[in-house]
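Note that these values count all heavy atoms, side chains included, but never hydrogens, waters or copies made by symmetry. Below, read A as the first sequence line, B as the second, and so on, with proteins coming before strands; counting in each chain starts at 1.
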Amino acid sequence: MTVTAPATDQVTGSNATLRAFLHGLPGVDKVGADARAAALGTRSIKTSSKVFAIDLAISMVDLTTLEGADTPGKVRALATKALRPDPLDPSCPAAAAVCVYPSMVADVREIVAGSTVKIASVATAFPAGQASLRVKIDDVRDAVAAGADEIDMVINRGSFLAGRYLEVFEEIVAVKEACGDARLKVIMETGELVTYDNVRRASWLSMLAGADFIKTSTGKISPAATPPVTLIMLEAVRDFLATTGRKVGVKPAGGIRTSKDAIKYLVLVNETAGDGWLDPHWFRFGASSLLNDLLLQRNKMKTGHYSGPDYVTLD
Amino acid sequence: MPTKDSATKDSARLAVRKTYKLFIGGAFPRSESGRSYVVTDAKGQFVANASQASRKDARDAVLAARGAVAKWSGATAYNRGQILYRVAEMLEGRREQFVAELRAFGVSATAATLEVDAAIDRWVWYAGWSDKVAQVVGGANPVAGPFFNISAPEPTGVVALVAPREPALLGLVSVVAPAIVTGNTVVVIASEPRPTPAITLAEVLATSDLPGGVVNILTGSPAEIAPWLASHSDVNGLDLAGIEDAQLATDLEIAAADTLKRLVRPAAVDWTADPGLSRMTPFLETKTVWHPKSFEGAKGTAY
Amino acid sequence: MAVFEYAPAPESRAIVNLKPSYGLFIDGEFVEGTETFKSISPASEEVLAEVANATEADVDRAVAAARRAYEKVWGPMSGAERAKYLFRIARLIQERSRELAVLESLDNGKPIRESRDVDLPLVAAHFFYYAGWADKLDHAGYGPNPKPHGVAGQIIPWNFPLLMLAWKIAPALAAGNTVVLKPAETTPLTALLFAEICQQADLPPGVVNIVTGAGATGAALVNHPDVDKVAFTGSTEVGRIIAKAVAGTKKKVTLELGGKAANIVFEDAAIDQAVEGIVNGIFFNQGHVCCAGSRLLVQESVADEVLESLKRRMATLRLGDPLDKNTDIGAINSAEQLARIKELTAAGSQEGAEVWSPPCELPARGFWFAPTIFTGVSQAHRIAREEIFGPVLSVLTFRTPAEAIEKANNTPYGLSAGIWTEKGSRILAVADQLRAGVVWANTFNKFDPTSPFGGYKESGYGREGGRHGLEAYLAH
């Protein structure tokens with residue numbers, strides 16, 4: 001699918017033109033999309049390709065903690081784990097980023113500064129997004145000022161579902177501006193958008209507004225990331241690149257807990273958007289427990305026998 | 001139909017005889033060959049001259065039938081039923097004429113009346129089938145997956161029929177009505193020895209709102225015409241009811257095989273018995289349509 | 001950026017215990033034939049087993065066994081008992097499904113992903129479905145107390161060996177017939193494994209007989225005077241020969257023949273799913289599918305976009321070892337079929353159509369053909385009219401729905417068709433006007449035992465599957 005290159009200012013000139021554009025995107029047949037995602041889920045990734053996929057997946061993890069009970073101690077431990085997921089094996093890649101609330105950014109920074117590990121922070125009144133734009137922008141500015149490399153914002157699902165697309169668009173534009181050099185991940189909360197048509201439209205809307213990443217979920221709503229939703233987002237970034245020449249990343253988040261799941265997502269990436277996205281710069285997993293399962297499987301591949309939870313670190 | 005001179009013996013008036021022609025595309029042409037043949041009664045007495053259709057008449061009839069397919073098969077089942085019932089009404093109004101035509105062949109008054117009544121009733125019976133056959137032979141299929149799946153019958157297209165030699169009227173109606181009620185169009189070769197009721201039936205059909213070309217009636221020799229229909233690439237089905245020569249039937253079946261026509265072989269049939277679906281289903285295709293059925297966030301059915 | 005190579009992931013062959021040679025399965029026993037032929041793996045040309053070539057005398061013995069079983073055992077048996085045998089067979093197929101899938105992929109060349117996920121589940125489901133009919137025939141809509149014909153002679157093709165066996169044997173047995181089945185000469189092995197399953201199920205001898213061989217064996221079966229019913233799936237050419245052979249007899253016939261299906265993509269289609277449907281329509285089972293969507297009719301206004309997406313998608317198809325779990329496109333079934341595909345594609349190029357294939361390395365041994373599309377095809381080209389029966393798609397364009405329908409129907413075939421549009425009224429109206437026995441709207445190549453399958457026009461007559469599929473095996 002290639003969508004005729006939109007002159008962004010024309011498409012986004014009014015809610016009516018934006019709606020006309022988004023509703024003019026090709027529809028998604030649910031049964032077909034589910035079947036495609038399921039078929040790719042049957043790929044058999046074994047031996048050397050599994051070793052490769054596990055390390056790639058580790059390098060794509062946004063190691064996340066977003067709890068009310070988060071403390072400096074907790075996030076520092078997590079950041080340390082992101083730097084050296086397997087303390088006994090220096091060949092194990094670092095995670096992509098640590099993802100925390102804005103108030104924790106400075107603590108993470110102390111640990112990961114100077115490394116490849118990025119600092120990601122949710123902002124914009126995460127997870128509900130129910131605050132004024134002024135508050136959301138301040139939230140973003142605080143996170144960026146504290147040293148966040150990446151901002152994970154949530155869109156206003158209420159506005160989107162009510163058809164007030166321009167409102168959502170303008171909010172993303174404002175947040176993007178507040179991000180400065182930080183990369184912006186736009187969380188669409190696909191579990192609340194529900195339909196695949198909405199996922200496709202929200203993906204395009206976010207990208208038109210300047211998103212550097214489109215992300216499925218906050219992790220607070222079920223369902224979070226699913227393979228078919230990620231498939232549709234991968235199609236969107238693929239088509240957006242073909243249309244506009246700008247490449248956007250994808251981040252499924254929430255509910256991805258096993259290596260087997262992660263590898264299925266990598267297959268989706270490989271066969272939908274293509275290997276151009278098989279890079280932590282363009283694809284991330286928003287996860288917490290996934291990392292340890294990847295490490296257990298990594299040990300199994302290395303030693304030939306199954307590992308156990310006492311052989312990976314718990315933080 | 002009082003065509004014999006004897007019928008007018010006591011009258012001072014000379015009867016106006018009827019010319020029996022073919023029925024093609026809603027019109028009544030003579031055979032393009034210019035040929036006719038003498039129709040006689042059981043005792044060999046002259047009854048009428050009938051047109052002797054040629055292969056070119058058969059070709060024209062197939063063309064007319066093909067031309068009528070879209071409109072007739074596209075008509076609503078309700079509409080087709082109305083028209084078939086209209087045929088019965090018109091036939092009823094001309095009962096006496098058909099009885100007389102059958103009697104001209106030596107059929108007894110009782111038998112002729114019974115046959116005409118049965119023929120009328122058969123139109124009524126098939127008229128009622130128009131909007132029911134799809135429900136009886138089609139339906140939804142419970143496939144194991146998120147799909148809506150339904151099978152429905154559709155007409156085969158153009159069907160060539162060889163009507164039984166006897167009973168000339170009931171046999172003809174019994175092969176034509178089931179083929180057209182479902183939306184097929186037909187070319188039928190009438191009983192060779194008793195073709196007159198067929199042409200009179202054509203007059204009924206021509207005045208029953210039946211679109212031209214849905215039924216095309218040829219008179220003449222099945223041995224001469226049927227092979228052209230059996231081998232015609234634009235004919236989809238073949239009913240050999242009236243073929244009594246086993247070798248001819250075999251030859252026709254072989255010819256029909258070239259384009260894989262749907263075929264009804266000749267068989268002993270009691271034309272007065274309830275035909276069931278036996279003459280409708282051979283010229284029906286089953287079409288099965290699939291479509292995905294699902295929506296995001298579905299939580300099973302509501303019941 | 002990295003390159004994600006999928007390491008070989010072969011399904012183990014060890015599960016299949018192939019004998020060096022197989023006899024004919026007649027009257028419940030394997031009996032030696034007088035002549036033999038070899039069945040090879042089309043992916044490697046390796047000989048898998050030697051198989052008996054049934055002669056006229058062998059066919060006669062098989063028909064006699066089927067007749068005896070019909071008269072003495074299967075005919076008189078209650079429907080409820082017949083049902084239990086069929087349920088038993090269905091369960092045995094499920095239990096041995098991996099073994100059957102591996103053997104199917106070995107003998108046929110189809111990817112294990114398909115034999116495992118499509119063929120075998122459908123085979124078992126088919127036996128389950130018809131098992132349940134065996135004691136309910138009074139309710140099938142063919143009048144009270146419908147009767148079987150007697151002995152059914154069944155001839156099946158090589159593209160879905162075991163699935164076609166199931167389509168033939170399950171309804172025949174449910175209706176009370178006994179069968180003599182001839183598998184295709186290039187794919188006899190799963191039918192012979194099925195014969196073992198019949199033994200494991202204690203199916204009475206003679207109810208199912210398997211005679212392996214080529215055209216002459218099939219002809220002997222069709223022409224055998226004691227066969228009451230002939231069922232054939234294969235080419236239209238052979239279908240005609242069979243229709244002629246039974247002329248003047250009382251034999252009942254059903255024929256599932258060729259096709260040249262139009263897969264129609266309208267401009268408002270869900271394009272990504274349509275592209276999947278196009279790929280599934282023509283590259284499923286290497287295009288060795290009678291209902292394959294071999295003619296893509298795409299609305300001109302979206303033709304460039306659809307083709308671009310299609311080409312990108314085709315570049316991800318993985319061709320190679322049928323037993324590799326990641327293989328999408330396996331081997332062409334035989335040298336003969338490969339030659340035919342090559343001949344027709346050469347004609348396509350010669351007639352001026354533009355050919356395209358993704359970069360695709362073909363294995364050195366075995367029979368292979370890269371997924372291929374032809375653009376700039378018109379209805380007058382041979383590749384738009386003749387069934388190629390390979391992974392070759394002809395692409396045509398149209399401007400209006402009426403033009404799409406006209407082109408779709410402009411063929412002597414009428415087996416299947418596809419429609420892709422988000423507009424419900426258009427789906428229903430176009431489906432009405434397509435002269436095809438199966439119409440897939442917003443999907444393609446879906447099969448189910450409850451769903452009738454079969455063609456219009458020269459795609460044959462009769463239906464297989466569902467209640468309709470019983471009709472072929474009942475006198476009524």
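Of all the listed residues (A:Arg36, A:Lys50, A:His281), the one sharing the greatest number of non-hydrogen pairs under 4.5 Å with chain C is A:Arg36. With respect to chain C, the highest number of heavy-atom pairs below 4.5 Å among A:Val28, A:Val31, A:Thr47 belongs to A:Val28. For the set C:Lys325, C:Glu267, C:Glu276, C:Glu5, the entry with the most heavy-atom pairs within less than 4.5 Å of chain A is C:Glu276.
Taken from OG in C:Ser309 to CD in A:Glu235, the straight-line distance is 9.0 Å, to the nearest 0.5 Å. To the nearest 0.5 Å, the span separating CG on A:Asp29 from CD on C:Glu422 amounts to 6.5 Å. Between the CG atom in C:Asp272 and the OG1 atom in A:Thr272 there is a gap of 9.0 Å [rounded to 0.5 Å]. Summarising the geometry, atom CZ belonging to A:Arg43 is positioned 4.0 Å from atom CG belonging to C:Asp328; distances are rounded to the nearest 0.5 Å. Atoms OG and CZ, from A:Ser44 and C:Arg113 in turn, are 12.0 Å apart once rounded to the nearest 0.5 Å. Distance check: C:Asn326 CG to A:Lys46 NZ gives 9.5 Å after rounding to the nearest 0.5 Å.
Side chain of A:Ser49 to backbone of C:Ala7: a donor-acceptor contact under 3.5 angstrom is found.
Looking at C:Thr316, both its backbone and its side chain come within 4.5 Å of chain A, counting heavy atoms on both sides. With a 4.5 angstrom heavy-atom cutoff, C:Ala315 does not touch chain A via any of its atoms. Contacts of A:Leu231 with chain C are absent, with no heavy-atom separation under 4.5 Å from either backbone or side chain.
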Legend entry - Evaluation steps, side chain to side chain contact (heavy atoms under 4.5 Å, CB included), between A:Val269 and C:Phe4: CA-CA 10 Å; A:Val269 174; C:Phe4 191 4; over 6 Å; no
Legend entry - C:Arg116/A:Thr42 under side chain to side chain contact (heavy atoms under 4.5 Å, CB included): CA gap, chis, key distance, verdict: CA-CA 11 Å; C:Arg116 179 194 67 199; A:Thr42 68; 4.2 Å; yes
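Atom CZ of A:Arg246 has more than 12 heavy atoms from other residues, nucleotides or ligands within 6.0 Å. Other residues, nucleotides and ligands contribute more than 12 heavy atoms inside 6.0 Å of the CG atom of A:Asp89. Atom CD of C:Glu354 sits in a sparse spot, with 12 or fewer heavy atoms from other residues, nucleotides or ligands closer than 6.0 Å.
Shown here for A:Pro26 and C:Ala269, the closest heavy-atom pair between the two residues is CB-O, 4.0 Å.
Tested against C:Val3, the residues A:Asp275, A:Asn270, A:Leu278 include a single side chain to side chain contact (heavy atoms under 4.5 Å, CB included) partner, A:Asp275.
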